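Have a look at the structure below, then the notes.
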There are 2 protein chains.
Amino acid sequence: MTMSNTGGRRKPPTIHDVAREAGVSRGTVSRVLNGGHYVSPSAQEAVNAAIRRTGYVVNRHARSLITGRSDSIGFLLTEPQERFFEDPNFNVLLRGCTQALAAHDVPLLLMLAGTEDERRRITRYITAGHVDGVLLVSSHSGDPVAEELREAGVPLVACGKPIGLGSRVSYVAADDRDGARDMVAHLLSLGRRRVGTVTGPLDTPGGVERLAGYREVLSEAGVEADDRLVVSGDYSRASGEAAAERLLEQAPDVDAVFVASDLMAQGVLTALHRAGRRVPEDVAVGGFDDSPAATASSPALTTIRQPWDRISAEMVRVLLAEIGGEDPAAVILPTELVRREST
Amino acid sequence: MTMSNTGGRRKPPTIHDVAREAGVSRGTVSRVLNGGHYVSPSAQEAVNAAIRRTGYVVNRHARSLITGRSDSIGFLLTEPQERFFEDPNFNVLLRGCTQALAAHDVPLLLMLAGTEDERRRITRYITAGHVDGVLLVSSHSGDPVAEELREAGVPLVACGKPIGLGSRVSYVAADDRDGARDMVAHLLSLGRRRVGTVTGPLDTPGGVERLAGYREVLSEAGVEADDRLVVSGDYSRASGEAAAERLLEQAPDVDAVFVASDLMAQGVLTALHRAGRRVPEDVAVGGFDDSPAATASSPALTTIRQPWDRISAEMVRVLLAEIGGEDPAAVILPTELVRREST
DNA sequence: TTCTCTACTGTGAACGCTCACAGAAGCGCC
DNA sequence: GGCGCTTCTGTGAGCGTTCACAGTAGAGAA
């Protein structure tokens, strides 16, 4: 009989204990643990029973030491963190990645690199092989960390197309341009002709692509382009409010606004309200993200839903594939127009 | 000269390489790595130089294998995750813990235990010693995971006082009762006498304590208690809205409401607005949390600020102390009344 | 029979580190 | 000189696993 798998909390059982218990050798237990190839059914059975009886759990440190793999992956955020942690999409992403990895029994290490110091420390940590791969969230271009990791050959999947890097880095992104096109087309279909836009930061792929989609549709529809209808924000609520004020000043006849994020759209609504413009009667407002902010604001925002659940799942899938030796890949996922009260 | 600490990305340098490079033994390098006791200044110097030259980074797996420590800690969330991930406080907490741990060079493993299956797997993972300690976020009582971990002797710090468990588990919490007292006293000081409350779930410490604070102050002020003024919610926006409707029905003469969370308070504002009550003229509304929702809503919410930055820092401090062998501890941190437009 | 092939099993050696121990060197004190 | 003490250093062992290799046994083919 085995002793104490519940009571005496001394040393945890090792592969050796399991082997003795099952009447086989370490090697056989190890083989069972790693897929069970070249193991007789009877041995298989005996080992599994022994594992259950002893409460054995593999020591990942010992395993990692010899395999060189760490069997864990990092979730790296290289941004001023306040902004991201306030972004509901970020949370969906983080949760989705954690869950998707958990399904593969891979723990996720959360790493924040806000300051230059942290950046250095974390890069060292990663390149030292403490994680097998990295899920990177860093919208801005020219991120030195991404470049370093890529050069060091660390498997890497970015969320959103990294602007600065070459094509040899994997990424998963929603189809920003197409989403923007859908929204602007929707605004035009309502009969609006003075359609403005509040862009995101133009050193982010999202900012650039959404603006491009906006311009494309207007030009295809033969609507006159007017630079006074284009103002920039930084995805924050406050910047949306400021942008809307600028927009009203530059183009008082604006009758619709495509805002590149829901958070900014909230700010836009506030500014419009203060200016006495009714939404959607006077000005139709379209957001982007379908964040909780979209339903929280009044009127509820028509917006573009990004498939964050699929994005996180795809990021994990691509990263695991890359760790498994496959080549980098880019995945673009479709967006969806969600119509609510603001248009 | 050393070869390839940047170019040839073969095997990372080991403690052996550093020792050879520095002209000392493995033991001396190890001692330098672990605090530098019993090491001569000259050796110290030589080793540090060699580390810099070779780009050596300690292999934590090898270290963990022998020390038995994993030098990582888990952040465990045992809740239906949607709710928590949408809670801005949760994000501040997660970020704070990650940063506080990073300062100690300890990586944080994010673990979500939503389903029964995940719960089992994660409990196994933790009790197998893959993390040195756990930061637990689980507001509801009777959490089996917490109990199991406690029994297994895993160092544990909860966020908020765990109701079900004995006193032998550490926790860090804001002073809910005192915060509630401050808010209700504030409402009374405005001359309100029909002060209602929307409570949180009453199987959470926050829910219970905040209600207790509310009752204490009313009774101390000699204001007549009235059960029609007390309704319950579940911290969600929607539940706040429903609660406010019930409240208006049961006690139409209500002139102030203490709501146990900002999110619920948003719902309360919506319901009051719909019912044609002005805030704060007809009904003063006080929230709890000082979340972004507090400034996002209009009118901006008077609320109670919980010191989440300090809470996370204290959780980490207490956990590291407990891992270091100290006894469990409870830390209660003061809250702060933030006055805005809703009162 | 003998040889080969397949399916399975056991046995050292690592992996990179820390720990315990044994020593060496220096110093002061009897 | 002998002894003890402190400070410093090197060495072997071993943490729990996987991997490469060397077997063993049984089946089928020559």
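In what follows, every chain begins at residue 1, and chains take the letters A, B, ... in the order their sequences are listed. What you see is a predicted model; the values in this text were computed from it and never measured.
- Considering only residues two or more places apart in sequence or on other chains, B:Arg20 meets the salt bridge (Lys or Arg N to Asp or Glu O under 4.0 Å) condition with B:Asp17.
- Among pairs with a residue in residues 104-115 of chain B, those fulfilling salt bridge (Lys or Arg N to Asp or Glu O under 4.0 Å) read A:Arg121-B:Asp105, at least two apart in sequence or across chains.
- Counting to the nearest Å, the P atom of C:dC17 and the CG atom of B:Leu33 are 8 Å from each other.
- Note: A:Tyr125 and A:His130 have tilted aromatic rings, judged against thresholds of 30 and 60 degrees for the angle between ring planes.
- Between B:Leu149 and B:Leu76 there is a side-chain heavy-atom pair separated by less than 4.5 Å.
- At least one side-chain heavy atom of A:Thr28 sits under 4.5 Å from a side-chain heavy atom of A:Arg31.
- In this structure A:Asp71 satisfies the salt bridge (Lys or Arg N to Asp or Glu O under 4.0 Å) test together with A:Arg69, sequence neighbours excluded.
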Please list, pair by pair, any protein nitrogen or oxygen found under 3.5 Å from a nitrogen or oxygen in nucleotides 19-25 of chain C.
none

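- With sequence neighbours excluded, the residues forming a side chain to side chain contact (heavy atoms under 4.5 Å, CB included) with B:Val331 are B:Val172, B:Glu314, B:Arg317, B:Val318, B:Leu333, listed by chain and number.
- Distance B:Arg63 CZ to C:dT18 C1': 9 Å, rounded to the nearest Å.
- A:Asp117 meets the salt bridge (Lys or Arg N to Asp or Glu O under 4.0 Å) test with A:Arg120; sequence neighbours excluded.
- In the helix from C:dT1-D:dA30 to C:dC30-D:dG1, the end axes, each obtained as the rotation axis mapping the C1' atoms of four pairs onto the next four within a five-pair block, lie 60° apart to the nearest 10 degrees.
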Please enumerate all protein N or O atoms sitting under 3.5 Å from an N or O of nucleotides 26-28 of chain C, with distances to 0.1 Å.
none

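- Under the side chain to side chain contact (heavy atoms under 4.5 Å, CB included) criterion, B:Ile66 pairs with no residue at all, not counting sequence neighbours.
- Between A:His61 atom NE2 and C:dT18 atom P there is a gap of 13 Å when expressed in whole angstrom units.
- In the 5' to 3' direction, nucleotides of DNA chain D lying under 4.0 Å from heavy atoms of chain B begin and end at D:dT7 to D:dG16.
- A side-chain N or O of A:Glu322 and one of A:Ser170 form a donor-acceptor pair less than 3.5 Å apart.
- With sequence neighbours excluded, the residues forming a salt bridge (Lys or Arg N to Asp or Glu O under 4.0 Å) with A:Arg119 are A:Glu116, listed by chain and number.
- Rounded to a whole Å, the NZ atom of B:Lys11 is 11 Å from the C1' atom of C:dA14.
- Between the NE2 atom of A:His37 and the C1' atom of C:dA7 there is a distance of 14 Å, rounded to whole Å.
- Residues that satisfy the side chain to side chain contact (heavy atoms under 4.5 Å, CB included) test with B:Ala100, not counting sequence neighbours, are B:Val316.
- Contact of the A:Pro328 side chain with the A:Val169 side chain is not registered, since no non-hydrogen atoms from C-beta on lie closer than 4.5 Å.
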